[in-house]
Amino acid sequence: MIETAQAFGVDIGGSGIKAAPVDLEKGDFALPRLKILTPDNSTPKAIAKIVRQQLEHFEVPEGAPVGIAFPAPIRPGKPIDFIANLDKSWIGMDVTAFFSEACGRPVTVVNDADAAGLAEQQYGAAKGEDGLVIATTLGTGIGTALIYNGVLIPNTELGHIELAKGKGDAEKYAASSVRDKKSLGYKKWAKRLTKYYGLMEKYFNPDLFVVGGGVSRMSEKFLPYIDVKTPIVPAKLRNQAGIVGAAYYATTKLV
Ligand code: BGC
């Protein structure tokens with residue numbers, strides 16, 4: 001790891017596990033990230049092996065803060081009881097204790113969308129925003145982070161709200177992975193997103209929506225067609241937000 005990197009971030013997703021040393025002053029990668037595909041068999045053992053590989057690849061020194069963004073609600077010291085997009089054998093595990101043991105050093109774990117939201121609040125599109133910001137990540141699933149007057153309210157799972165008229169779990173209808181699987185055009189997908197963000201608007205009355213995830217780099221293709229009253233902007237850190245936010249979190253919440 002090079003000197004300007006003050007912390008190391010890992011973002012575990014349904015399709016890839018991405019990691020990089022992070023320059024916390026700039027809120028940016030200090031070295032190009034390393035992405036390894038998430039194995040089909042996404043068990044704790046298989047994922048821990050990849051995270052270890054990434055720590056070795058970047059020669060992360062002992063004592064450097066390590067943060068891991070994980071796609072499930074994370075309450076420190078408590079087992080997880082819900083996971084949508086990784087192997088169900090994660091359920092019942094204290095993931096922070098598990099990764100600390102597997103990596104041979106203390107690590108912090110935070111929900112992936114919360115990590116992304118934190119990064120946007122510190123360095124990106126939600127910086128300096130008062131009121132309620134709902135930061136969302138559109139990827140394999142839909143992740144959400146609620147930030148009120150700069151303070152994160154963690155572990156919201158609003159990607160799983162029920163859409164009207166039997167459309168069920170929102171992420172199964174409107175996630176970016178659904179657009180891929182169903183080969184939906186961006187405008188058609190934006191109609192689905194309008195239903196999703198419209199419902200969020202109705203229930204939460206936010207001041208701003210921030211839209212992140214890998215697909216946010218194509219935001220001009222779908223964001224203008226999401227028909228809601230609340231201002232809606234692309235994430236500034238795009239798909240880097242999970243890694244940057246996890247690294248940032250590790251420096252503020254060292255165990
Ligand atoms: C999970 C969330 C996660 C989101 C994005 C959802 O399926 O339940 O915890 O933040 O996907 O990965």
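Order of appearance sets the numbers: ligands from 1, and atoms from 1 within every ligand. Start at 1 with the first residue, then count along the sequence. Every heavy atom of this structure was used, including side-chain atoms; hydrogens, water molecules and symmetry mates were not.
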Can you give me a line-by-line list of nitrogen or oxygen pairs between ligand 1 and the protein shorter than 3.5 Å?
residue, atom, partner, partner atom, Å
ligand 1, 7 (O), Asn85, ND2, 3.2
ligand 1, 7 (O), His160, NE2, 3.2
ligand 1, 7 (O), Glu171, OE1, 2.8
ligand 1, 7 (O), Glu171, OE2, 3.1
ligand 1, 8 (O), Glu157, OE1, 2.5
ligand 1, 8 (O), His160, NE2, 2.8
ligand 1, 9 (O), Ala72, N, 3.4
ligand 1, 9 (O), Asn111, ND2, 3.0
ligand 1, 9 (O), Glu157, OE1, 3.4
ligand 1, 9 (O), Glu157, OE2, 2.6
ligand 1, 10 (O), Asn111, ND2, 3.2
ligand 1, 10 (O), Asp112, OD1, 2.5
ligand 1, 12 (O), Asp112, OD2, 2.6

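Judged as a salt bridge (charged side-chain N to carboxylate O under 4.0 Å, His left out), the pairs with a partner in residues 65-81 (not counting sequence neighbours) are, in order, Arg75-Asp81.
Taking CZ of Phe8 as the start and CZ of Arg105 as the end, the distance is 8.5 Å to the nearest 0.5 Å.
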Let me check something: any side-chain donor-acceptor pairs from residues 201-220 under 3.5 Å, sequence neighbours excluded? List them with distances.
residue, atom, partner, partner atom, Å
Glu201, OE2, Lys229, N, 2.9
Glu201, OE2, Thr230, N, 2.8
Glu201, OE2, Thr230, OG1, 2.6
Asp207, OD2, Leu132, N, 2.8
Ser216, OG, Gly213, O, 2.6
Arg217, NH1, Gly214, O, 3.1
Ser219, OG, Ser216, O, 3.4

For a quick test of your reading: what N or O donor-acceptor pairs under 3.5 Å do the side chains of residues 177-191 make, sequence neighbours left out?
residue, atom, partner, partner atom, Å
Ser177, OG, Thr140, O, 2.7
Trp189, NE1, Ala174, O, 2.8
Trp189, NE1, Ala175, O, 3.4

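Here the side chain of Arg192 pairs a donor or acceptor atom with the backbone of Tyr173 at under 3.5 angstrom. Here the side chain of Asp23 pairs no donor or acceptor atom with the backbone of Asp28 at under 3.5 angstrom.
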